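Each remark here refers to the structure printed beneath this line.
All values reported here derive from a predicted model rather than from experimental measurement.
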Amino acid sequence: MNRPQSGTVHAVLEDFLGHWRGTTRLAASAWGPERTAEAEVNYTRAAGGYAVVQSYRHTEADGTHFEGHGVFTVDPDHDDVLWYYVDSLGLPPGAPVRCTWVEGVLRVERHSDRGTARHTFRVDNGVLTHTAELRLGDAPHFVPFMTSECRRA
């Protein structure tokens, strides 16, 4: 991955752009048992290349669904990527989060009063993988929460 240039976040996220379909595996948690859901995600250029919009939705076997929307953009003062995110859980979105690139993997940690969510995004061999791990409250370690694996539709 190339280091982002001001106003060209889509160049950094070029491999993510497009429409993807696959599955999301949700780990057993306080929100339910372990299960799998059909997943769909889109990454689209926006704002003349100053942003990439992320739209995610998964539908479970019983018809319930979850959706989240993010916007990736570049901080022109620091040339790094920021992620704004909101989802259908209805909790207010926090401040934008700085992303880091490690060997072609985009990593993000979102902190709140409830704990920390660590997200990892990558495209490898035509598969888009998004994992999320949680560290709630004073827990010492992250635990797996979800893994989405999608292919271009």
Side-chain angles (χ1 to χ4, degrees), residues 1 3-27 29-32 35-60 64-102 104-124 127-137 139 141-150 152-153:
M1 288 274 154
R3 186 162 168 79
Q5 298 174 13
S6 295
T8 58
V9 68
H10 65 81
V12 175
L13 297 174
E14 190 73 30
D15 289 344
F16 293 85
L17 294 174
H19 181 80
W20 304 78
R21 286 191 181 160
T23 59
T24 295
R25 290 184 316 275
L26 297 151
S29 69
W31 299 282
R35 59 208 184 274
T36 302
E38 292 182 22
E40 190 169 355
V41 64
N42 289 293
Y43 287 88
T44 309
R45 287 184 183 101
Y50 286 93
V52 168
V53 175
Q54 169 198 41
S55 295
Y56 169 86
R57 180 181 175 98
H58 77 238
T59 304
E60 298 187 37
T64 59
H65 71 276
F66 170 88
E67 64 182 84
H69 302 277
V71 176
F72 292 94
T73 190
V74 171
D75 176 347
D77 294 332
H78 299 95
D79 276 341
D80 53 3
V81 177
L82 299 174
W83 186 39
Y84 299 82
Y85 182 80
V86 63
D87 60 38
S88 60
L89 292 179
L91 301 172
V97 183
R98 292 192 184 277
C99 306
T100 59
W101 285 104
V102 178
V105 177
L106 183 65
R107 295 192 175 146
V108 183
E109 283 194 11
R110 295 176 50 216
H111 303 275
S112 74
D113 293 342
R114 297 174 304 282
T116 302
R118 180 168 56 196
H119 297 265
T120 304
F121 302 88
R122 73 177 183 275
V123 176
D124 191 32
V127 177
L128 168 67
T129 303
H130 172 191
T131 61
E133 302 168 288
L134 300 176
R135 187 176 64 211
L136 300 176
H141 304 287
F142 283 93
V143 296
F145 177 66
M146 62 149 272
T147 300
S148 295
E149 292 182 347
C150 298
R152 290 188 193 279

Q.
I'd like to know whether Thr116 forms a side-chain hydrogen bond (donor to acceptor under 3.5 Å, both in side chains) with His111, so could you lay out the CA-CA distance, the side-chain angles of the two residues, the decisive distance to 0.1 Å, and finally the verdict.
A. CA-CA 4 Å; Thr116 302; His111 303 275; 2.9 Å; yes

Atom of [X], atom of [Y] and distance for their closest heavy-atom approach:
| X | Y | answer |
| --- | --- | --- |
| Ser55 | His69 | OG-ND1, 3.2 Å |
| Leu134 | Ala117 | CD2-CB, 3.8 Å |
| Leu26 | His58 | CD1-NE2, 3.9 Å |
| Cys99 | Leu82 | SG-C, 4.3 Å |
| Met146 | Ser148 | CE-OG, 3.2 Å |
| His141 | Arg135 | O-CG, 3.5 Å |

(Q) Using the side chain to side chain donor-acceptor pair (under 3.5 Å) definition, which of the options Glu14, Gln54, His19 pairs with Tyr43? (A)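 That would be Gln54.
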
Q: Could you go through the side chain to side chain contact (heavy atoms under 4.5 Å, CB included) check for Glu133 and Val143 one step at a time?
A: CA-CA 5 Å; Glu133 302 168 288; Val143 296; over 6 Å; no

Q | Gap separating the CZ atom of Phe121 from the CG atom of Asp15, nearest 0.5 angstrom | A |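 Here the rounded value is 14.5 Å.
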
Q. What distance separates Leu13 CG from Leu106 CG, expressed to the nearest 0.5 Å?
A. 6.5 Å

Q: Without swapping roles, check the side chain of Thr36 against the backbone of Arg25 for a donor-acceptor pair under 3.5 Å.
A: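 Pair absent, no side-chain N/O of Thr36 close to backbone of Arg25.
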
I want to check something: taking the side chain as every heavy atom from C-beta on, are [X] and [Y] in contact at a cut-off of under 4.5 Å?
| X | Y | result |
| --- | --- | --- |
| Val81 | Trp101 | yes |
| Val71 | Val52 | no |
| Thr129 | Thr147 | yes |

Q: Evaluate the ring planes of Tyr85 and His119, with Trp represented by its six-membered ring, and classify them as parallel (under 30°), tilted (30 to 60°) or perpendicular (over 60°).
A: tilted

(Q) Applying ring-ring contact (aromatic ring centres under 6.0 Å, His included), can you list everything that pairs with Tyr84, at least two apart in sequence or on another chain? (A) none

Q: Go through the steps to decide whether Trp20 and Tyr56 satisfy the test ring-ring contact (aromatic ring centres under 6.0 Å, His included), and finish with yes or no.
A: CA-CA 9 Å; Trp20 304 78; Tyr56 169 86; over 10 Å; no

Q) Around Glu38, counting heavy atoms of other residues, nucleotides and ligands shown, do more than 12 lie under 6.0 Å from its CD? A) no

Q.
Using a 6.0 Å cut-off, check whether atom CZ of Arg122 has over 12 heavy atoms from anything other than its own residue.
A.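 No, because the 6.0 Å sphere around CZ of Arg122 holds 12 heavy atoms or fewer from other groups.
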
Q: Could you walk me through whether Leu128 and Val41 pass the side chain to side chain contact (heavy atoms under 4.5 Å, CB included) test, one step at a time?
A: CA-CA 9 Å; Leu128 168 67; Val41 64; 3.4 Å; yes

Q: With side chain to side chain contact (heavy atoms under 4.5 Å, CB included) as the test, would you mind laying out the steps for Phe16 and Phe72 before giving the verdict?
A: CA-CA 11 Å; Phe16 293 85; Phe72 292 94; over 6 Å; no

**Q.** Row check, Trp83 ring normal vs Arg98 NZ/CZ: under 6.0 Å, within 45°
**A.**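 Pair Arg98/Trp83 does not count as cation-pi.
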
Q: Output, in order, the C-alpha distance, side-chain angles, deciding distance and verdict of salt bridge (Lys or Arg N to Asp or Glu O under 4.0 Å) for Arg21 and Glu40.
A: CA-CA 4 Å; Arg21 286 191 181 160; Glu40 190 169 355; 3.6 Å; yes

